[in-house]
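Proteins get letters first, then strands, A, B, ... in listed order; numbering begins at 1 in each. None of the values given here were measured: they were computed from a predicted structure.
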2 protein chains.
Amino acid sequence: MLEAKLAEAGTLKKLLDAIKELVTDANFECNEEGITLQAMDNSHVALVAVLLEATGFKRYRCDRPMPLGVNLTSLTKVLKCAKDDDECTLKAADEADVLNLVYEAKNSDRIAEYDMKLMDIDSDTLGIPDTDYDARVTMPSSEFTRIVRDLSQLGESVRIEVSKEGVRFASDGEAANGSVLLRPAEGGSIGKVTQRKSKVKTEKKEDGDVVDVDAEDDEEEEGGVRGRIKKEKKVKKELKEGEDVDMEDEDEEEFKPKSDDEGEEEQAEDDDEEEESDGKKRKKKASSSKKPAKKAKTASSSKRKGKGKSNSDDSDDEAEGVRIQMNAHVSLTFSLKYLVNFSKSASLCNRVQLMMSNDVPLLVSYVFGQGYIRYYLAPKIGDE
Amino acid sequence: MLEAKLAEAGTLKKLLDAIKELVTDANFECNEEGITLQAMDNSHVALVAVLLEATGFKRYRCDRPMPLGVNLTSLTKVLKCAKDDDECTLKAADEADVLNLVYEAKNSDRIAEYDMKLMDIDSDTLGIPDTDYDARVTMPSSEFTRIVRDLSQLGESVRIEVSKEGVRFASDGEAANGSVLLRPAEGGSIGKVTQRKSKVKTEKKEDGDVVDVDAEDDEEEEGGVRGRIKKEKKVKKELKEGEDVDMEDEDEEEFKPKSDDEGEEEQAEDDDEEEESDGKKRKKKASSSKKPAKKAKTASSSKRKGKGKSNSDDSDDEAEGVRIQMNAHVSLTFSLKYLVNFSKSASLCNRVQLMMSNDVPLLVSYVFGQGYIRYYLAPKIGDE
DNA sequence: CGACTAATAC
DNA sequence: GTATTAGTCG
């Protein structure tokens with residue numbers, strides 16, 4: 001039985017706006033740790049992974065893991081019936097074929113209740129590998145939106161290049177070519193990417209699906225990070241331990257327990273890793289599960305900050321500025337169509353992070369108060 | 001010859017926005033009392049009735065009754081050429097085939113003038129019966145808009161149910177079912193509907209057109225109300241006297257003189273009747289025709305208030321809160337498509353009133369400074 | 001049958 | 001100005 005009360009329906013609404021065009025149906029995997037969703041886009045080119053942490057809910061209860069097969073179009077419709085600041089309670093009986101949503105206006109007598117039909121969806125839960133990327137670019141999400149939108153008018157794809165110069169987005173089109181160069185903020189120093197273990201193992205994949213790099217070494221550094229983000233997700237932790245490569249085998253449920261968490265750290269590390277490697281508190285795990293004071297839009301940064309760990313965490317908070325970290329020059333080409341789609345998550349977080357390594361799927365991630373949304377997109381090879 | 005000067009072109013613009021999707025052509029019936037419009041929607045399911053009182057104009061003159069056949073799309077275009085706060089003068093010669101519109105910017109030298117072609121329209125002026133309803137729900141028009149819009153996403157029709165619990169709007173759809181419950185504001189007390197004469201005679205009709213209930217007893221209570229609203233419409237009053245049941249016979253011109261006025265009272269009674277039956281001032285008629293100080297959005301309530309009559313008039317003014325009055329449990333099903341259309345009048349008034357009796361067309365009415373706009377919609381029978 | 005474009009509503 | 005929807009075109 002699931003009963004999850006979200007303080008603001010707006011969060012869910014934005015999430016759905018962000019993915020509904022990419023995916024039509026998906027399983028919301030609910031378990032005691034929260035709700036996750038993972039799905040390939042309709043054309044099977046991109047992958048979306050969403051996490052809503054149990055701790056991010058006003059009330060959360062999920063007796064046992066249950067997948068809720070949801071048609072996102074339907075859910076979008078139902079969510080449109082909620083005001084952004086309505087409290088939203090999701091309820092589902094154990095073997096239910098409907099999801100019950102109750103919206104309670106914060107200050108009124110209005111109560112709206114919806115029952116949405118659920119469906120059985122074959123969960124193609126892919127293992128999402130934990131990758132150490134050669135480049136990380138963190139920038140205002142609005143900037144990212146702008147760039148991909150602009151360039152999408154010119155051409156089909158964009159070449160993203162990270163070098164000492166900065167990050168360049170370039171697109172060639174019939175009528176015009178365009179290129180946007182972003183230099184790192186403050187001085188323009190480009191640091192190294194904080195690696196889990198600095199072990200970057202990029203294995204190229206042919207089908208252009210999910211990432212297949214690996215590097216699954218939950219050592220000190222990430223252990224700590226993971227702990228912070230994972231909060232009371234020790235169970236998950238357990239599972240993660242010892243996992244090494246999981247992406248090759250798709251259709252596993254390792255997503256939630258393993259890859260997901262792994263991914264989580266990356267997210268978390270966002271700020272923490274920013275200036276990288278400060279051993280302190282690294283092992284702090286469940287203890288750090290206190291809820292962040294701030295929420296919603298700025299929640300992601302607030303949260304990270306709250307942990308008060310690394311050096312330049314603040315820089316991530318400021319919506320302005322581009323942060324670039326790179327270990328090696330990276331140049332990849334992606335379909336703009338997808339990036340434009342990804343960029344719709346900008347409403348969830350004012351910062352976006354791009355993680356790249358040559359020949360490896362790009363990871364675009366947005367972190368918000370209750371969790372994150374990540375997109376993976378395989379690069380174009382040659383001149384497809 | 002018609003010459004009517006409206007203080008704000010915006011009023012007309014909003015009116016047209018409200019009905020142009022429902023009706024494409026209609027006669028603006030002009031007479032000394034003002035301008036009325038009545039039309040069935042294009043699919044002949046709903047009826048719109050608009051009144052612009054002569055007294056609501058800054059200047060009004062209409063020597064003799066004349067119908068102005070207007071293509072609403074054209075008029076909309078012409079009105080778009082006016083700023084909302086322009087003074088707008090409508091002029092038409094007696095047998096003219098054009099309507100002349102002059103826009104004068106309030107504080108400038110700008111004068112725009114347009115001549116719009118008129119057309120001959122068969123006036124299907126239906127008699128609109130005067131009905132005593134079993135339930136009256138008054139709520140913020142924005143709330144109504146929201147609900148019907150929300151539910152229209154789920155299904156085709158909505159069941160509106162008024163009970164001691166409150167008013168419930170429920171819709172069943174393929175993907176989801178939805179239900180919105182509104183409880184009455186302040187305390188949640190649900191009073192009785194103030195009847196003209198407390199004589200509720202609901203005759204069922206088969207064709208599902210206009211209302212066919214009757215109860216046309218202009219006695220003390222309503223006489224007073226009518227007087228207030230009707231203002232110097234004594235002539236009309238005359239006509240009304242003796243009218244009893246008029247809905248059965250459609251295609252009469254009784255609309256303006258009779259039913260319309262009758263309906264008007266209902267509107268007016270809104271606030272007045274609120275707490276219901278207070279004999280004081282009831283007979284006050286033409287004397288109360290002073291213009292309200294406030295205008296536009298809150299005009300309706302302002303106006304009513306201006307009359308300063310009944311007890312809880314104020315409650316109607318507050319945009320917040322739902323007021324429910326019922327004599328009997330009511331449960332009706334309507335096409336959401338139409339209700340959504342009706343709800344576009346929200347820009348004219350921040351309160352809307354729903355009048356219902358089982359098996360009788362719903363009356364949705366918006367009252368604004370210069371008059372009102374009412375919609376009638378027959379309920380769905382069975383599960384059409 | 002799908003995609004694209006145009007119109008319209010938000 | 002954006003997003004949706006309806007209609008048209010391929």
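For the residue pair A/Asp115/B/Asn177, the side-chain donor-acceptor check at 3.5 Å is not satisfied. A/Thr89 and A/Tyr103 form no side-chain donor-acceptor contact under 3.5 Å, judged by distance and modelled atom types alone.
Residues A/Thr24 and A/Leu72 have side chains not in contact (no heavy-atom distance under 4.5 Å, counting atoms from C-beta outward). At least one side-chain heavy atom of B/Ile373 sits less than 4.5 Å from a side-chain heavy atom of B/Leu348.
Mapping heavy-atom proximity under 4.0 Å, the span of DNA chain C touched by chain B runs 5' to 3' from C/dA9 to C/dC10.
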For residues 337-344 of chain B, run the donor-acceptor check on the side chains, cut-off 3.5 Å, and write out each pair with its distance to 0.1 Å, sequence neighbours left out.
residue, atom, partner, partner atom, Å
B/Tyr338, OH, B/Asp41, OD2, 3.2
B/Tyr338, OH, B/Ser43, OG, 2.3
B/Ser343, OG, B/Val340, O, 2.6
B/Lys344, NZ, B/Glu21, OE1, 2.4
B/Lys344, NZ, B/Glu21, OE2, 2.8

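Under a 4.0 Å N-O distance rule, the pair B/Lys13/B/Asp84 qualifies as a salt bridge. Taking 4.0 Å as the cut-off between side-chain N and carboxylate O, B/Arg146 and B/Asp150 count as a salt-bridged pair. Taking 4.0 Å as the cut-off between side-chain N and carboxylate O, A/Arg110 and B/Glu143 count as a salt-bridged pair.
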Under the rule of Watson-Crick or G-U wobble with both distances under 3.5 Å, where | means paired to another strand and [ ] a crossing pair, DNA chain D maps to ||||||||||
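Put simply, CZ on A/Arg146 is 9 Å from P on D/dT2, counting in whole angstrom units. The separation between A/Asp17 atom CG and D/dT4 atom P is 8 Å, rounded to whole Å.
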